[in-house]
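Some notes on the structure that comes next.
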Amino acid sequence: MKIFSLIIFFGVFLAGLFFAFKKDIWKAEKKEIILNYAEEKKISESVLKKQTKEEANPENLDEINKKEEKTKEEIEINQKESKNSIDDSSQRKEETPDSSQDFEIKNRLVSWGYSISQNRSIDTIILHSSYNAVGDDPHNLDDIIEREYKPAGVSPHYIISREGKVYRLVEDKNIAYHAGVSQVPDGRKNVNDFSLGIEIVNTGKESPNSAQYKSIQNLLDYLKNKYKIKYILGHSDIASGRKTDPWNFDWGKINKK
Ligand SMILES: [Zn+2]
């Protein structure tokens with residue numbers, strides 16, 4: 001009987017140690033992920049500030065003010081559209097490619113994490129990984145979007161849920177803040193300016209699943225059809241040393257051509 005209680009005692013003690021340790025790891029991961037997101041935003045903001053500074057001389061202050069007002073207006077419209085589009089089946093139909101019936105892009109447009117652009121050219125696609133580090137379910141999309149991206153002021157253009165559903169958060173034409181300090185192989189920097197960002201929901205301990213690989217391929221095919229794409233790369237390819245995502249991604253499972 002004595003031995004039995006000793007075993008129970010040590011069992012509880014070891015479990016306690018394990019959870020205390022695990023909690024610390026999660027805390028560290030959470031801190032890191034939030035820092036990571038903040039980094040993406042800082043860069044984008046500094047680029048924006050630099051651009052604004054360059055434009056800011058007394059003669060065109062009026063113009064800048066007008067521009068800012070216009071941006072606000074457009075963000076409001078964007079927010080309205082985002083609300084409307086949730087149940088707007090006609091828009092969904094229009095945005096979904098005809099060729100593949102099981103591929104659908106759901107609009108879930110956000111009001112942060114991007115700057116408005118009209119005529120940018122897109123020739124690069126960057127893949128990322130995201131997971132929910134602030135709530136209990138690592139795959140919870142609402143937490144990832146509302147509790148991680150939103151406070152950090154960042155966003156990808158698309159996110160692929162663990163179920164393989166594709167959501168559009170930022171329209172292609174706008175510059176989403178997803179890449180941070182980065183450079184593509186031909187030497188161009190500020191990759192946000194000419195790229196589309198796709199986030200795949202998976203933790204560093206798991207791979208994307210088959211439903212996600214299927215949707216990634218559908219989305220890539222759809223985008224390659226729309227734009228002349230030069231690069232399809234991972235975040236780690238354009239920000240090596242700083243970024244390691246997309247995590248556990250098997251490039252052999254997708255067709256880049
Ligand atoms: Zn990334």
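Numbering of ligands and ligand atoms starts at 1, following listing order. When reading the values below, keep in mind they use all heavy atoms of this one structure, side chains included, and skip hydrogens, waters and symmetry mates.
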Next item on the list: Have a look at His235 and say which of its N, O or S atoms is nearest the Zn ion (ligand 1).
Entry: ND1
Check: Looking at the Zn ion (ligand 1), which N/O/S atom of His128 is the nearest one?
Finding: ND1
Note to self: Using salt bridge (Lys or Arg N to Asp or Glu O under 4.0 Å), reason through Asp193 and Arg188 one step at a time and then give a plain yes or no.
What the structure shows: CA-CA 10 Å; Asp193 291 352; Arg188 284 175 298 158; over 6 Å; no
Item checked: Ion pair Lys243/Asp237, N-O distance below 4.0 Å -> no
Check: Is the distance between the Zn ion (ligand 1) and the nearest N/O/S atom of Asp245 smaller than 2.8 Å?
Finding: yes
Checklist line | Contact check: His178 to the Zn ion (ligand 1), N/O/S below 2.8 Å | finding: no
Next item on the list: Measure from the ring center of Trp247 to the ring center of Phe249 and say whether it is less than 6.0 Å.
Entry: no
Next item on the list: Cation-pi check, Arg120 to Phe194: give yes when NZ or CZ is under 6.0 Å from the six-membered ring centre and within 45° of the ring axis, no otherwise.
Entry: no
